[in-house]
Amino acid sequence: KQEVTQIPAALSVPEGENLVLNCSFTDSAIYNLQWFRQDPGKGLTSLLLIQSSQREQTSGRLNASLDKSSGRSTLYIAASQPGDSATYLCAVRRAGYSTLTFGKGTMLLVSP
Amino acid sequence: ETGVTQTPRHLVMGMTNKKSLKCEQHLGHNAMYWYKQSAKKPLELMFVYNFKEQTENNSVPSRFSPECPNSSHLFLHLHTLQPEDSALYLCASSQDPVNSGQGYHNEQFFGPGTRLTVL
């Protein structure tokens, strides 16, 4: 059974810092990995999708990497801003299935 | 309306009530999903519909009954719920290949969720 772990569970940083969120998964037979952002009480916003054959994806100040063989992904946020404060969720899609398995998320607080 | 919409946004119901959650996607996708998000727990997949056919049921109790009349609409019918069913219910959609397992599955887009409280 696929398990997804996100470290740290919570992170508080001052504005302007570069930071890294970690995601690990136990079964490397994945099709893709998706990073989401969730604001309190709201739905999920897709940030980046990495296919299993890819090593990284970039969107603006966000960069996500994938090391499928070691079961790890990182989300790098450059020059963090207070508006980046949210919970960041990592989810992996098992090969041949529609199922996304989610981690519990990292709650990020960026203070001005 | 754009993206994935859900109604109602908030719902309070007693254990003997019957209610329905509605999801509509305006993205032309062929797959729709129901997820449950409880406090302190990861998002849990409940149901998957692909081309209006239910393809996955993740051991969900029968008091939750999904309905997918077409590829744009998805309902979750609720009856005789328990207080532990209180959670945020999220709908998502994606454009998936016809044959699961071939090719890459595209990203899932989520609605804003329905916050359900069962008294």
Side-chain angles (χ1 to χ4, degrees), chain A residues 1-7 9-10 23-27 29-54 57 59 62 64 66 68 73 75 86-107, chain B residues 3-6 9-10 23 25 27 29-51 53-59 87-117:
Chain A
K1 179 186 172 187
Q2 177 75 273
E3 291 185 4
V4 180
T5 303
Q6 290 188 246
I7 295 174
C23 171
S24 61
F25 46 95
T26 54
D27 186 348
I30 65 169
Y31 252 171
N32 59 40
L33 182 146
Q34 202 167 346
W35 281 94
F36 295 88
R37 168 190 172 134
Q38 186 175 30
D39 292 286
K42 301 290 180 63
L44 276 63
T45 300
S46 179
L47 298 174
L48 290 164
L49 173 77
I50 311 178
Q51 304 292 3
S52 61
S53 61
Q54 297 175 324
Q57 283 284 345
S59 176
L62 304 179
L66 174 63
K68 191 176 136 180
S73 176
L75 179 66
T87 296
Y88 290 81
L89 296 162
C90 165
V92 296
R93 189 157 194 171
R94 185 179 168 191
Y97 290 84
S98 304
T99 305
L100 275 179
T101 303
F102 281 83
K104 289 186 179 180
T106 294
M107 187 182 301
Chain B
V4 182
T5 58
Q6 291 186 242
R9 295 294 309 279
H10 301 272
C23 175
Q25 59 95 0
L27 301 168
H29 290 163
N30 58 16
M32 297 186 76
Y33 313 79
W34 278 118
Y35 288 88
K36 175 183 179 183
Q37 188 176 36
S38 304
K40 309 294 184 184
K41 293 175 68 175
L43 261 151
E44 302 170 82
L45 178 72
M46 300 175 73
F47 302 103
V48 181
Y49 276 82
N50 211 310
F51 287 106
E53 298 296 322
Q54 185 175 314
T55 56
E56 290 185 49
N57 176 337
N58 213 25
S59 302
L88 181 67
Y89 289 83
L90 292 161
C91 173
S93 71
S94 70
Q95 182 63 28
D96 279 359
V98 173
N99 299 309
S100 179
Q102 295 184 8
Y104 290 111
H105 294 178
N106 290 332
E107 60 189 302
Q108 293 187 14
F109 293 86
F110 283 74
T114 294
R115 172 66 63 184
L116 173 67
T117 302

key: Atom pair CD (A:Gln51) and CD (B:Glu107), whose distance is rounded to the nearest 0.5 Å   = 9.0 Å
task = Start with the C-alpha gap between A:Leu44 and B:Tyr35, add the side-chain angles, then the distance that decides, and say whether side-chain contact (heavy atoms from CB on, under 4.5 Å) holds.
result = CA-CA 11 Å; A:Leu44 276 63; B:Tyr35 288 88; over 6 Å; no
request  = Provide the closest heavy-atom pair for A:Lys104 versus B:Pro42 in the form atom of the first, atom of the second, distance.
outcome  = CG-CG, 3.6 Å
note = What one should report as the nearest heavy-atom pair of B:Leu90 and A:Gln38 is CD1-NE2, 4.3 Å
request  = Specify the closest pair of heavy atoms between A:Gln34 and B:Gln108, including all atoms of both residues, with the distance to one decimal.
outcome  = NE2-O, 3.2 Å
remark   = Interatomic distance, CD@B:Gln37 vs OG1@A:Thr87, rounded to 0.5 Å, equals 8.5 Å
inquiry  = With rounding to the nearest 0.5 angstrom, report the CZ to OG1 distance, B:Phe109 to A:Thr45.
reply    = 10.5 Å
task = Measure the spacing between CZ of B:Phe110 and CG of A:Leu100 and express it to the nearest 0.5 Å.
result = 6.0 Å
